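We use all heavy atoms of the structure for the numbers below, so side chains are in, but hydrogens, waters and symmetry mates are not. What you see is a predicted model; the values in this text were computed from it and never measured.
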Amino acid sequence: SIKASTSIGFPHYASPTPSDGSPLEIDFVGNGNKSRMTFTGADITVSEVKLILPTNISGNFTVLIKTHSSVTNNKVTAWTSHYGTSGTDSTGVLFPNGSKPVITQTQDRMDIFSFYWDSNEKKCYGVATQNFAV
């Protein structure tokens with residue numbers, strides 16, 4: 001059995017702010033299993049979200065995506081999982097029916113992207129729960 005003298009929490013960190021046409025790294029190895037990505041501008045297309053995942057640990061990882069802008073056309077072109085000694089090995093994230101969800105295009109809404117990383121098979125599975133009012 002395990003007994004904790006204090007509450008056990010899970011780290012949550014803010015990823016860098018997305019910029020148009022650029023990739024964005026979310027480092028789950030160095031920063032815990034939860035991240036928040038916030039679109040503060042409008043019409044931003046992130047070319048690739050790179051999920052940096054542990055080489056030898058399987059588990060669940062979460063990315064919260066919030067849109068602040070009143071003009072919305074924010075996109076993520078690709079989701080990839082990266083692993084290995086320096087995160088150089090990569091594979092695409094697998095979504096149900098083979099299609100990645102589109103980010104909610106409404107001001108002050110939150111999408112929750114949940115990922116399961118299978119470190120044995122080196123596969124990352126993703127689903128989204130979307131359009132929460134915040």
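- Remark: Ser47 engages no residue in a side-chain hydrogen bond (donor to acceptor under 3.5 Å, both in side chains) (not counting sequence neighbours).
- No donor-acceptor pair under 3.5 Å is formed between the side chain of Ser35 and the backbone N or O of Ile26.
- Contact annotation: the side chain of Glu48 never approaches that of Glu25 to less than 4.5 Å [non-hydrogen atoms, C-beta and beyond].
- Residue Thr80 holds its OG1 atom at 6.5 Å from NZ of Lys50, rounded to the nearest 0.5 Å.
- Interatomic distance, Asn73 CG to Phe39 CZ, rounded to the nearest 0.5 Å: 10.5 Å.
- Side-chain contact check for Ile52 versus Tyr83: every heavy-atom pair is 4.5 Å or farther apart.
- Side-chain atoms of Asn74 come within 3.5 Å of backbone atoms of Asp43 as a donor-acceptor pair (strictly under, hydrogens ignored).
- Contacts classified as side-chain hydrogen bond (donor to acceptor under 3.5 Å, both in side chains) and involving residues 110-125 (residues at least two apart or in different chains) are given here: Ser58-Ser119, Thr104-Asp111, Asp111-Gln130.
- A single hydrophobic cluster is not seen to contain both Leu94 and Leu51; linkage of ILVMFWY side chains at heavy-atom distances under 4.5 Å, directly or through other members, places them apart.
- Note that OG1 of Thr67 and CD of Gln105 are 6.5 Å apart. Values are rounded to the nearest 0.5 Å.
- A heavy-atom distance below 4.5 Å is found between the side chains of Met110 and Leu64.
- Rounding to the nearest 0.5 Å places OG1 of Thr129 at 9.5 Å from CZ of Phe113.
- In terms of heavy atoms, Leu53 sits closest to Ser81 at CD1-CB, 3.4 Å.
- In this structure, Ile103 CD1 and Asn131 CG are separated by 12.5 Å, a value rounded to the nearest 0.5 Å.
- The minimum heavy-atom distance linking Lys34 with Phe28 is given by the pair N-CE2, 4.0 Å.
- Distance check: Lys66 NZ to Phe132 CZ gives 13.5 Å after rounding to the nearest 0.5 Å.
- Panel note: side chain Asn97, backbone Ser99; no donor-acceptor pair is recorded below 3.5 Å.
- Residues Val134 and Arg109 form no side-chain contact, since every pair of their non-hydrogen atoms from C-beta on lies 4.5 Å or further apart.
- Ring centroids of Phe61 and Phe115 are separated by 6.0 Å or more, keeping the two rings apart.
- Contact detail for Gly126 and Phe95: the closest heavy-atom pair is O-CD2, 3.1 Å.
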Practice task
In sequence, state the C-alpha distance, the side-chain angles, and the governing distance for Asp89 and His82, and then conclude on side-chain contact (heavy atoms from CB on, under 4.5 Å).
Solution key: CA-CA 5 Å; Asp89 298 320; His82 294 255; over 6 Å; no
